[in-house]
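Notes to accompany the following structure.
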Amino acid sequence: MANYLKLLPALLPFVIFFAGGIGVTLIQSFGMMNPLVHYDSIWTAYTTILTNSHFIISILFSLYVALVSSILAIVFGTLLAYTIWKLHPAMQVKTLVYKIPLILPHIAVAFITMIFLSRSGIISSICHSLGIISSIEDFPNLIFSQYGIGEIVAYTAKESSFAALMAMSVLLKFDRRYLDTARQLGAGRMRIFFMVVLPRLREILVTTFLILFIYSFGAFEIPYMLGTASPGMLSLQVYNYYFMHDLSERPVAMALLMILFAVSALLAVVYFQISSKLGHKHKGSGDDQG
Amino acid sequence: MKKALLMLGLILLLVSCNREAPQQEILTYDQALINARGTRVNFYMWSGSATINTWIDEYVAREVKEQFDIDLNRVPMDAEVFVNKLLTEKQVGKNKGTIDLVWINGENFKNARQAGLLRGPIADSLPNFKAYIDPKSVEFDFGFPVENYEVPYGKAQFVFIFDSAKTAKTFDSPASLEEWVIQHPGKFTYAQPPDFTGSAFLRQIFYGLTGGYEQYMHGFDEQLYLEKSPLLWSYLNRLKPYLWQQGKSYPRDSTALELLFQRGEVDINMSYYQAFAANKIMEGKYPSSVRTFVMDHNSIYNNHFTAIPFNAPNLSGAMVVSNFLLSPEAQLSKNTPLNWGDFTVLDMEKLPVATRQDFEKLDLGEATLDIDVLNRNAVPEIPSDYLTRLENDWRRFVLEK
Amino acid sequence: MTRDKTIVLLVWSIFLLPLAVLALYSFAGRWAFPSLLPDTMDLRTLIYLKKNSASILTSMGSSFLYSSAAVLLSIVYSLLPASVLSRSDFPGQGFVESLLLAPAVLPVMTFSIGIHMIFIRLGLADTHLGVALILSIYSYPYMLRALMAGYATIDPNALVCARNLGAGFWQILWEIEIPLLLPAMVAGGSIVFLVAFSDYFLVFLIGGGSVPSYSGYLFPFLNSTDWSIASALTLLSLVPPLLLFLVLDLTLARLYRKWM
């Protein structure tokens, strides 16, 4: 019983603020607590959304941006961590700059992406001076494109460092002598990476991927700065419906929020299942030693 | 389960009624002056321009501190967002808010007014309003009656911007614009409505193609709209293949268009602010060869205002500050291009001769058109029902086509 | 070794190039396509920063304040639960643990927009406390995680020993556990602080403009056409976290030397 009591300091704020906040959002999505809304059914806002192709496209678009950017972040992050880890320890210290994106706010990363990728931006200018393009029109429109390239690049830039950090945390516990053994047995560089290193990283990479995916799926700041109105990510639609429309449209914003939440919660369940399996395994190995 | 029920009860308790209307006390300006001493005024305003921010933070803040002992605190927030914030506060019955004064006009004013978010009438109790304003000139805000719920603040007029060193020819009507665009493919576009400036461009073309603004000044007429608006859509669709990005996408707001112009992607910029180019030249962002122009008898102007929310914690301070913003000294300072360059709302006829001369002596910069030219071509804003309709239909008939 | 050097150089250029461009932009006047360097340079940004240093520092100080408060709150939430979750095994533990860690992974918009209504009612909206609360709610799981890992490294025998010597609950917590947990606390606190300091949306929603914040100061510029000032302010946003981590590093090292 004392154990349960000791959980209260975290349980109370969790229940009151986190669960409570979601509860209020849910109630509002039914059209309640709103003097201007008189829905016949509590599902009216949801039907509005699910029968409107605009919203469906928006949900799919969010999933697409989150998926592509998280995969890219995992790939780049792993390569970065592995490259740094292979360096001589004295040199490793000098690569701390790779953590810079971690302390840059999301809005700042979005801004930097804009400076570099716009058609008259830095990369375009470099291409021009290298003779790759002869005028602005030759450079593709990456920012504000309907393929969400601006958002994907910004998320990837911000999250690669995080993925690298997570991969590094596992690599640091990894015994380098495995590599030497593998090399002595005649394994090539590629083979070592794919057969020896990657299996060790698999679990941390999967959980990191899920965290990144859920985050980019629901976050607001980068789509707000780099997104277009159509199709536009789901969080941007929420913002537009919550702030830019009048009170009678509020339930739609709230229902969008609940859909956002439901999709993320589903993925979070998968995440926790994998990570708790991981946790038990670690505990298990600890027992073996004891 | 018990916990969940308890929680639900708590929430319902929290959000249950207690929604009595705020008491609208009547306050004279002299009382306000006394009450306002030693208080703080939170001024919520769009803050994307360093020039304007600096004018507020330095000149206005210093003057109201010295003259009235008021601490002015500028809070950056877009108008749609603070209107929404007030709406939420109204919804839960928060009668003492945090916003004392807002910078507002157009649709946002209409929304705020209709939801009862503003305190008023207020303008006619301010001495500077009574002394220097022609009430006729500020009767409507985008066709919506102001009824003194807003205090005039400044006057803005739509101009096109180009670099005279790069672009030789300009245009003065929808027809000559079409010619220009066909001759310069990829070098023209407009910000995607409902962006403020992009939407104003739309209305000017609408006026220009359909025989002038006068017919729209009597409130929304569905028949008239259905008859005239197809002309606009077919015109814009004709332009499309020659626009930046072949009209497949548009800059999402005037900021994006401004960046395209600054970095040289397009040749024409537009601004709902007649001294914009002069200001940018002074900032060093534009070469000094940049100039502005308007279409013949077709340059929309509007007034912008300040207003006081229903739950402003410091009504007295807000009244004093909005009265100060209307004073000849503040309006003159604001009209100076180096400070901001926003035009005055004061009635020149009512000003003392010396003050009037000060206004006439202002050097608005090479890039700003003469006041005569601006006035000669000025046309009023369309009622906001037309505006909303045009913006929505633009999406249907132009963007998604 | 030269290969190592090349790699280090490559990492440096990838991660420092953006910052170099920001620095260049800070002093740029006009900079149009296709110039690789600014067409004109001026000191307008520096003048702006100097003139507005008071409001910039106020916003930074305010961000620092609520971020630190969020760190403290997260410690309060996490300390006891972390000890339970790391040591004992009880039915449903995995579930409780996942539940408590969930706020960090789930989208913040859903709960924060809902809670905004409650906060207005309670008078917590538009206050520093409200902002610190909302930030702590979604960032405390990082602290909980870190403290759980920290507890796992404490030898249970040491605690048994202390208890046998007559130490009470609070004494053990204060004199043994907290000092031993300090590295974990700093690690978790750093993340909570970073998350809180760089957040824009929650501060904007709950703070409603009344709570000054650096991200709130920065944001209008990032969205404006004034890329020079925006660049300089972006660079400035790196200063407080870096400064904090440096100070923490130094004081921790000293503390440990004293204790050990």
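So you know, we letter chains A, B, ... as the sequences are listed, proteins then strands, and number each from 1. Here the structure is a predicted model, which means the values were calculated and not measured.
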Could you please spell out the steps behind the side-chain contact (heavy atoms from CB on, under 4.5 Å) verdict for C:L238 and A:L104?
CA-CA 7 Å; C:L238 291 174; A:L104 276 174; 3.6 Å; yes
Which distance, rounded to the nearest 0.5 Å, do you find between the [atom1] of [X] and the [atom2] of [Y]?
| X | Y | atom1 | atom2 | value |
| --- | --- | --- | --- | --- |
| A:I22 | C:T110 | CD1 | OG1 | 6.5 Å |
| C:K5 | A:K94 | NZ | NZ | 7.0 Å |
| A:I100 | C:L16 | CD1 | CG | 4.5 Å |
| A:M91 | C:R3 | CE | CZ | 11.0 Å |
| A:M114 | C:N223 | CE | CG | 6.5 Å |
| A:S125 | C:L36 | OG | CG | 6.0 Å |

Hey, which of [options] has the most heavy atom pairs under 4.5 Å with chain A?
| options | value |
| --- | --- |
| C:I14, C:D199, C:T234, C:L106 | C:L106 |
| C:S98, C:S198, C:A102, C:S136 | C:S98 |
| C:I7, C:I137, C:L194 | C:I137 |
| C:F197, C:F90, C:F219 | C:F219 |
| C:L99, C:L73, C:L17, C:L218 | C:L99 |
| C:Y138, C:F245, C:W227, C:W12 | C:W227 |

Set of side-chain contact (heavy atoms from CB on, under 4.5 Å) partners for A:T95, sequence neighbours left out:
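A:T95 satisfies side-chain contact (heavy atoms from CB on, under 4.5 Å) with A:I84, A:L87, C:V8, C:V11 only.
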Fit a plane to each ring of A:F243 and C:F201, take the angle between them on a 0 to 90° scale, and name the class: parallel (under 30°), tilted (30 to 60°) or perpendicular (over 60°).
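A:F243 vs C:F201 ring planes: perpendicular.
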Classify the ring geometry of C:F111 against A:F18: parallel below 30°, tilted from 30° to 60°, perpendicular beyond 60°.
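The rings of C:F111 and A:F18 sit tilted, inter-plane angle from 30° to 60°.
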Sort [X] into side chain, backbone, both or neither according to what part of it lies under 4.5 angstrom from a heavy atom of chain A.
| X | answer |
| --- | --- |
| C:F119 | side chain |
| C:S215 | both |
| C:S231 | both |
| C:L37 | neither |
| C:P103 | both |
| C:Y214 | neither |
| C:I134 | neither |
| C:A152 | neither |
| C:V195 | neither |
| C:Y25 | side chain |
| C:L22 | side chain |

Which one, A:L260, A:I211, A:I126, A:I115, leads in non-hydrogen pairs under 4.5 Å with chain C?
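Of A:L260, A:I211, A:I126, A:I115, A:I115 has the most heavy-atom pairs under 4.5 Å with chain C.
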Among A:G218, A:A110, A:S120, A:C127, which has the most heavy-atom pairs under 4.5 Å with chain C?
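That would be A:S120.
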Walk me through whether A:I103 and C:L242 qualify under side-chain contact (heavy atoms from CB on, under 4.5 Å).
CA-CA 8 Å; A:I103 46 175; C:L242 285 180; 3.6 Å; yes
Measuring centre to centre across the rings, with the benzene-like ring taken for any Trp, is C:Y200 within less than 6.0 Å of A:H106?
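No: the rings miss the under 6.0 Å criterion.
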[X] portion near chain C, given a 4.5 angstrom heavy-atom threshold:
| X | answer |
| --- | --- |
| A:A219 | neither |
| A:F111 | side chain |
| A:S161 | side chain |
| A:L102 | backbone |
| A:S124 | both |
| A:I133 | side chain |

Side-chain heavy atoms of [X] within contact of [Y], under 4.5 Å:
| X | Y | answer |
| --- | --- | --- |
| A:F220 | C:L202 | no |
| C:P81 | A:K6 | no |
| A:L8 | C:Y77 | no |

Show, in sequence, the C-alpha distance, side-chain angles and deciding distance for C:L85 and A:L7, and conclude whether the side-chain contact (heavy atoms from CB on, under 4.5 Å) test is met.
CA-CA 8 Å; C:L85 291 173; A:L7 286 173; 4.1 Å; yes
Measure across [X] and [Y] and return the closest heavy-atom pair with its distance rounded to 0.1 Å.
| X | Y | answer |
| --- | --- | --- |
| A:F261 | C:P107 | CA-CG, 4.2 Å |
| C:S237 | A:P105 | OG-CD, 3.8 Å |
| C:M109 | A:S235 | CE-O, 3.6 Å |

What verdict does the side-chain contact (heavy atoms from CB on, under 4.5 Å) test give for C:L101 and A:Y271, after you've listed the backbone C-alpha separation in whole Å, the side-chain angles of each residue and the deciding distance to 0.1 Å?
CA-CA 11 Å; C:L101 292 174; A:Y271 163 74; over 6 Å; no
Taking salt bridge (Lys or Arg N to Asp or Glu O under 4.0 Å) as the cut-off, I'd like each qualifying pair that reaches into residues 216-233 of chain C, sequence neighbours left out, listed once.
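Listed once each, the pairs are C:R44-C:D226.
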